[in-house]
Structures are given as C-alpha cells and as structure tokens.
Amino acid sequence: MTTSNLDTIRATYEGSPEDNAQHLMAALAPDALWIEAAGSPYAGSYVGAAQIVEGVFARLGNDWATFSAQVHSYLADGDRVAVFGRYAGTHRASGKAMEASFSHLYQLRGGRIIRMEQVVDSAPMLQAMQA
C-alpha cells in the first residue's frame with residue numbers, strides 16, 4: 001500500500017503534537033526548503049530538518065504557552081498539497097491570546113516534503129507578542 005501525498009501531509013496535523021512532529025520529521029526530505037511568510041515573527045527560509053526545528057518549531061515552543069494549527073481544508077493536486085486553517089495560541093511573555101488564518105503549500109517528491117511555503121495573517125500574532 002502506498003501513502004498519498006495528501007495522507008502524508010494530513011499525518012503532520014491530525015494527531016497529537018508529538019505524533020505530528022514525528023510524522024513531519026519522517027516526511028521531510030534532507031534538503032527540504034521551509035519558507036515562513038515575510039512579516040511573520042519567524043520569517044525566513046530554512047533548509048533541512050535541523051534548521052526548520054531551530055528556526056521555527058523551537059521558537060514557537062519558547063514563545064507560546066499554547067500553540068496549535070487547526071486545519072479546516074486540504075486540497076491535493078499532483079505533487080502539491082495545500083492546507084488551510086487557523087493558528088491559535090497564548091503568548092508566554094504577554095499572556096495574550098491570538099487566532100490567525102494560515103495556508104501552507106507543500107510540494108512533495110517520492111512521498112517526501114521538498115518545499116513548504118506559508119502564508120499567514122501575521123498581525124494577530126505580532127499583536128499578541130507585544131507586552
């Protein structure tokens with residue numbers, strides 16, 4: 001049985017945070033390019049699992065007391081999968097909560113993620129991060 005690109009991406013959102021992280025790490029190609037939206041608190045391009053974890057996920061864990069990505073839609077087209085949803089979280093330092101719309105566009109090759117580009121409404125995130 002082969003896993004579809006859509007199944008691969010769904011597995012990175014729909015389990016426990018620990019399961020999602022494990023599935024994401026397993027699905028990333030060694031040279032996966034991860035692009036966080038310009039204007040977001042974590043804007044930039046990260047290559048490979050170590051940079052992605054250090055530049056995005058470790059910072060999310062440090063900055064937010066709670067943080068989640070709730071998906072409402074997936075769209076698959078060949079080697080691409082688009083994900084649409086809302087982030088929710090409470091900033092650790094300010095204590096402020098936020099919700100922000102996001103989209104993630106993944107490109108896969110051979111069942112592995114080779115690229116992810118984020119689009120996010122960063123204003124609610126930035127406002128929650130201000131004391």
Side-chain angles (χ1 to χ4, degrees):
M1 182 173 124
T2 59
T3 301
S4 73
N5 289 336
L6 178 58
D7 291 339
T8 297
I9 299 303
R10 277 184 194 270
T12 68
Y13 289 94
E14 296 188 358
S16 68
E18 295 79 15
D19 287 345
N20 293 343
Q22 182 179 17
H23 292 145
L24 178 61
M25 292 300 111
L28 287 172
D31 58 349
L33 173 61
W34 192 275
I35 303 168
E36 292 284 311
S40 82
Y42 312 103
S45 297
Y46 307 93
V47 178
Q51 283 188 15
I52 294 166
V53 168
E54 181 180 341
V56 180
F57 293 102
R59 293 169 66 194
L60 286 169
N62 287 332
D63 292 346
W64 299 89
T66 62
F67 191 91
S68 64
Q70 301 299 316
V71 175
H72 60 72
S73 302
Y74 296 93
L75 297 173
D77 182 19
D79 66 350
R80 296 177 195 268
V81 178
V83 179
F84 302 91
R86 295 186 68 76
Y87 295 137
T90 302
H91 192 254
R92 194 177 302 280
S94 74
K96 295 179 183 175
M98 68 85 193
E99 290 190 18
S101 297
F102 73 83
S103 63
H104 297 158
L105 179 59
Y106 290 90
Q107 184 175 5
L108 296 90
R109 182 178 308 130
R112 307 285 304 269
I113 298 167
I114 61 170
R115 179 183 167 96
M116 190 290 294
E117 184 167 357
Q118 174 205 50
V119 176
V120 63
D121 178 7
S122 60
M125 295 180 75
L126 295 171
Q127 289 170 355
M129 297 174 87
Q130 295 175 353

Can you measure from [atom1] ([X]) to [atom2] ([Y]) and round to the nearest 0.5 angstrom?
X      : Y      : atom1 : atom2 : answer
Ser40  : Tyr87  : OG    : OH    : 8.0 Å
Arg86  : Gln70  : CZ    : CD    : 11.0 Å
Ile35  : Met116 : CD1   : CE    : 8.0 Å
Leu28  : Leu108 : CG    : CG    : 9.5 Å
Trp64  : Arg92  : CH2   : CZ    : 11.0 Å
Gln127 : Met98  : CD    : CE    : 11.5 Å

*Transitive ILVMFWY cluster of Leu126 at side-chain heavy atoms under 4.5 Å: who else is in it?*
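Taking Ile, Leu, Val, Met, Phe, Trp and Tyr as members, Leu126 stands alone, with no cluster partners.
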Taking only distance into account, with no hydrogens and no angle test, what donor-acceptor pairs under 3.5 Å do side-chain atoms of residues 71-82 form with protein atoms, sequence neighbours excluded?
unit_1: Tyr74; atom_1: OH; unit_2: Glu14; atom_2: OE2; d: 2.9
unit_1: Asp79; atom_1: OD2; unit_2: Gln107; atom_2: NE2; d: 3.3

*Taking Leu60 as the fixed residue, which of Asn62, Asp63, Val56 is the one that meets the side-chain contact (heavy atoms from CB on, under 4.5 Å) rule?*
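When Asn62, Asp63, Val56 are each tested with Leu60, the side-chain contact (heavy atoms from CB on, under 4.5 Å) holds only for Val56.
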*Do Ile9 and Ile113 have side-chain heavy atoms sitting under 4.5 Å apart?*
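Answer yes - side chains close enough.
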*asked:* Side chains of Tyr13 and His104, heavy atoms from C-beta outward: is any pair under 4.5 Å?
replied: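 Yes, side chains in contact.
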Which pair of heavy atoms, one from [X] and one from [Y], lies closest together, and at what distance?
X      : Y      : value
Ala38  : Ala43  : CA-CB, 4.0 Å
Arg112 : Pro30  : NH2-CD, 4.3 Å
Arg59  : Pro41  : NH2-O, 3.2 Å
Val120 : Ala100 : CG2-CB, 4.4 Å
Gly111 : Asn5   : CA-OD1, 4.0 Å
Thr12  : Asn20  : O-CB, 3.1 Å

*Quick one: ring-ring contact (aromatic ring centres under 6.0 Å, His included) pairs with a partner in residues 38-60, sequence neighbours left out?*
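Qualifying pairs, neighbours excluded: Trp34-Phe57.
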*Can any side-chain N or O of Thr90 pair as donor or acceptor with the backbone N or O of Thr66 at less than 3.5 Å?*
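No, the answer is negative, given that no donor and acceptor are paired below the 3.5 Å cut-off.
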*Among the clusters formed by ILVMFWY side chains lying less than 4.5 Å apart, do Phe67 and Val119 turn up in the same one?*
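The answer is no; the residues belong to distinct hydrophobic clusters.
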_Cluster check Tyr106, Val53: I/L/V/M/F/W/Y, side chain < 4.5 angstrom_ =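 Yes; Val53 is reachable from Tyr106 via cluster members.
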